[in-house]
Amino acid sequence: MVGGLVLSQAQTHQVATPRTAAPAPAQALEKRPWDQAQPCGTAAAAAAAVSVRSLDEVRKAHARHIKLGVDRCPRHARPLLAACALSGWPGGMELAASIFESLVEPEAFDYNTLMRGHVGGGRGDREPAAALRLYVDMLEAGVGPDSYTFPFVLKACAQLASLQQGRQLQAHIEKLGLQHDEHVQNSLISFYGKCGEPAMARLAFDRVEDEERTTASWSALLAAYTKAGLWGECLESFGAMVLDGWRPDESSMVSAISACAHLGAFDVGRSIHCALLRNTARLNTIMQTSLVDMYAKCGSIEKAAAVFDAMDDKNAWAYSAMLSGLALHGDGRKALQVFDAMVREGHAPDAAAYVGVLNACSRAGLLEDGLRCFDRMRLEHKFAPNAQHYGCMVDLMARAGRLDDARALIGSMPTGPTDTAWRSLLNACRIHGDLDLAESALEELRSLGAANAGDYVIVADMHARAKNWAAAAAFRTEAVDWGLAQSPGFSAVEVRGELHRFVSQDMSHPRTRDIYEMLHQMEWQLRFDGYRPDTSEVALDVGEEEKRHVVAAHSQKLAMAFGLLSTPEGAPVRVVTNLRMSKECHAYSALISEIFGREIVIRDRNRLHRFRRGACTCRDYW
DNA sequence: GTAGGGTTAG
């Protein structure tokens, strides 16, 4: 909330009849100082417009203008104002503001330029609140905002996450009759998207007439869906866009690729990549980065690395994407190499890069390397670790079995304990079977008010493993109370560019009969090879036969069965699930990969497992 | 001088 910014009715009425629209009083014209000054012709203005390359040059030019008495003339000051506001030079905005202040009758143009500077148009420090203040000043001065004003001021609202003020602006827009302006419309879509209001963004999008719609409208819509995590909707709209005859531009493609990454839609992602290679002369860094992320998240770290290696201007974002991909695949060694390369190439690792490399160490069980990295970060790079980094360290130590050290680290976090840190510890307790510590971690989560259904499930499952049925049932009930039912576990598999989703015991798929037939066949083959279903993680006190039934129709297995059934012999099967990989399912998948001669790629909620010939890339450490 | 984009965490 911006202090004191209330966009009153009175002000908006002023806007409707801007003072600048009325003829300026003759007296004001006479008083303009530069009218008396001699050299105010086009030659002098041209001289002023000569491009300035530094703040110093602006100061010199401004001093010349003062000497000539034209410093308050918008025509002379404008190029200098723009240079300061939009160049991103340190101190530029201060000088821009002072030039602006000296203007006798600033116009919408001048307000717009300064506002753009405040919302980061020059990639300088953002000060969205200042942009909004300027907007109010503008209204108070009776200067009418134009179609350029709203894109900036909406951007300011988005940066402040101020939904309320943005909605007020929408009223202004309509009052001024600017609601059909292409840029204003697209800005509105984007504003709602950035505020995390995809439904409002959609509404704004739908209100754009067909003939006013541009690729930017689509791209703003796709970005709104991406931001909200509605990746299915994003891909759907991407399809609708293409069907509508639009040729997706770079940014629509980036949103779509990002959606593919999250959904695990490998085939779709790959076909977008192919389209890009056909239609674009040269992929920019952002597109390449999104491709690196997509391939890694979809299970192909090789393709991710190929795109990454071919990049000739890698920035910190690109390195972070590669590092997080390697972390997902549990390749700590390679992550450390990439991290070293990053430093060697002169890119200062940012917070995300550290998260990536620390996670990679933690998932690969590289305790010593992780500790060294953390020290380097603080001592050598003088980087203050944030709560996430502490969370990574807790995860690293706890996974490696140093549960007490991890617990002590949580206690010493400068930011105070966070839920993610406790959750990491809880997860490690599950791995190492420390039920007492798990219960106290859950208690901590509860007292932070951050315990969720998944946390209760972990403890319930641990009790079930220990055959404490009463306790297991009690925690299970709590889990249900905490909304377990609202986010059911699912697994999805991509077949010919289409994602098929399954929940446990799912019977809704059109090919359910075939799927269960396949499942039966899989089970039969596995038993022949000596597989016995492990039912110890089923948190129900029911008969063994019943448990086997639950285990057998697990959503991951249904997805796998359908994948095996509907993809060509020898093709990899890629499954994405929001569940944690169970020991049972892990062993099962490994055997399937061996018996069916298929590569099975399963992305669970924590990491990626690739099973080939009976072995997993995680080397059973997850 | 206008709109739209990427990475991390549980």
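So you know, we letter chains A, B, ... as the sequences are listed, proteins then strands, and number each from 1. Just so you know, these numbers come straight off a predicted model, no measurement behind them.
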Can a side chain N or O of [X] be found less than 4.0 Å away from OP1 or OP2 on [N]?
X: A/Thr420; N: B/dG10; value: no
X: A/Lys314; N: B/dT7; value: no
X: A/Asn315; N: B/dG6; value: no

Side chain of [X] only, heavy atoms from C-beta on: which candidate in [options] is closest?
X: A/Met287; options: B/dG6, B/dG5, B/dG1; value: B/dG5
X: A/Thr285; options: B/dG6, B/dT8, B/dG10; value: B/dG6
X: A/Val355; options: B/dA9, B/dG6, B/dA3; value: B/dA9
X: A/Ser290; options: B/dA3, B/dG6, B/dT2; value: B/dG6
X: A/Gln388; options: B/dG6, B/dG1, B/dA9; value: B/dA9
X: A/Arg363; options: B/dG10, B/dT7, B/dG1; value: B/dG10
X: A/Ser424; options: B/dG10, B/dT8, B/dG6; value: B/dG10
X: A/Ala223; options: B/dT8, B/dA3, B/dG5; value: B/dG5
X: A/Ala321; options: B/dT8, B/dG5, B/dT7; value: B/dT7
X: A/Val254; options: B/dG6, B/dT8, B/dA3; value: B/dG6

For this session: Under the side chain to side chain donor-acceptor pair (under 3.5 Å) rule, collect the residues that match up with A/Gln185, sequence neighbours excluded.
Result: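 Applying side chain to side chain donor-acceptor pair (under 3.5 Å) to A/Gln185 gives A/Glu212.
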For this session: Please name all residues satisfying side chain to side chain donor-acceptor pair (under 3.5 Å) with A/Arg423, sequence neighbours left out, ordered by chain then number.
Result: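 With sequence neighbours excluded, A/Arg423 shows a side chain to side chain donor-acceptor pair (under 3.5 Å) to A/Asp455, given in chain and number order.
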Can you check the [X] [atom1] to [N] [atom2] distance for me, whole Å?
X: A/Lys155; N: B/dG1; atom1: NZ; atom2: P; value: 15 Å
X: A/Leu114; N: B/dT2; atom1: CG; atom2: P; value: 15 Å
X: A/Phe152; N: B/dG1; atom1: CZ; atom2: C1'; value: 6 Å
X: A/Trp231; N: B/dG6; atom1: CH2; atom2: P; value: 12 Å
X: A/Arg423; N: B/dG10; atom1: CZ; atom2: P; value: 10 Å
X: A/Ile272; N: B/dG5; atom1: CD1; atom2: C1'; value: 14 Å
X: A/Asn452; N: B/dA9; atom1: CG; atom2: C1'; value: 14 Å
X: A/Leu323; N: B/dG6; atom1: CG; atom2: P; value: 19 Å

Would you mind classifying the nucleic acid contact of [X] as base, sugar-phosphate or nothing, using non-hydrogen atoms under 4.0 angstrom?
X: A/Arg399; result: nothing
X: A/Thr289; result: base
X: A/Tyr354; result: nothing
X: A/Glu250; result: base
X: A/Lys194; result: sugar-phosphate
X: A/Lys227; result: nothing
X: A/Asp455; result: nothing
X: A/Asn112; result: base

Problem set entry | Non-neighbouring partners of A/Ala316 that pass side-chain contact (heavy atoms from CB on, under 4.5 Å), sequence neighbours left out |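 With sequence neighbours excluded, A/Ala316 shows a side-chain contact (heavy atoms from CB on, under 4.5 Å) to A/Met342, A/Asp350, given in chain and number order.
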Problem set entry | Qualifying side chain to side chain donor-acceptor pair (under 3.5 Å) pairs with a residue from residues 295-305 of chain A, counting only residues at least two apart or across chains |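 Only A/His273-A/Tyr295, A/Asp293-A/Lys297, A/Glu302-A/Arg610 qualify under side chain to side chain donor-acceptor pair (under 3.5 Å).
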Exercise. Between the base of B/dG5 and the side chain of A/Asn284, is there a donor-acceptor distance below 3.5 Å?
Worked result: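 Yes.
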Exercise. Ignoring hydrogens and angles, are the base of B/dG1 and the side chain of A/Asp110 linked by a donor-acceptor pair under 3.5 Å?
Worked result: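 Per atom types, no contact qualifies.
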Problem set entry | Check: A/Phe100 ring centroid to A/Tyr111 ring centroid under 6.0 Å | yes
Problem set entry | Ring-on-base stacking B/dG1 with A/Phe109 (under 5.5 Å, under 30°) | no
Exercise. Are the charged groups of A/Arg167 and A/Glu174 less than 4.0 angstrom apart, N to O?
Worked result: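 A/Glu174 and A/Arg167: not salt-bridged.
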Exercise. Under 4.0 Å between a Lys/Arg side-chain N and an Asp/Glu carboxylate O for A/Asp312 and A/Arg282?
Worked result: yes
Exercise. Should the pair A/Arg378 and A/Phe383 be classed as cation-pi, given the thresholds of under 6.0 Å to the six-membered ring centre and 45° from the axis?
Worked result: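 No; the conditions do not both hold, so A/Arg378 does not lie above the ring face of A/Phe383.
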Exercise. Does A/Lys314 make a cation-pi contact with A/Phe308, if we ask for NZ or CZ under 6.0 Å from the ring centre and within 45° of the axis?
Worked result: yes
Show which side-chain atoms of residues 192-201 of chain A pair as donor or acceptor with protein atoms under 3.5 Å away, not counting sequence neighbours.
residue  : atom : partner  : partner atom : Å
A/Tyr192 : OH   : A/Gln170 : OE1          : 2.5

Exercise. In residues 177-188 of chain A, what residues come within less than 4.0 Å of DNA chain B, judged by heavy atoms?
Worked result: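 Hits under 4.0 Å, by residue number: A/His183, A/Asn186, A/Ser187.
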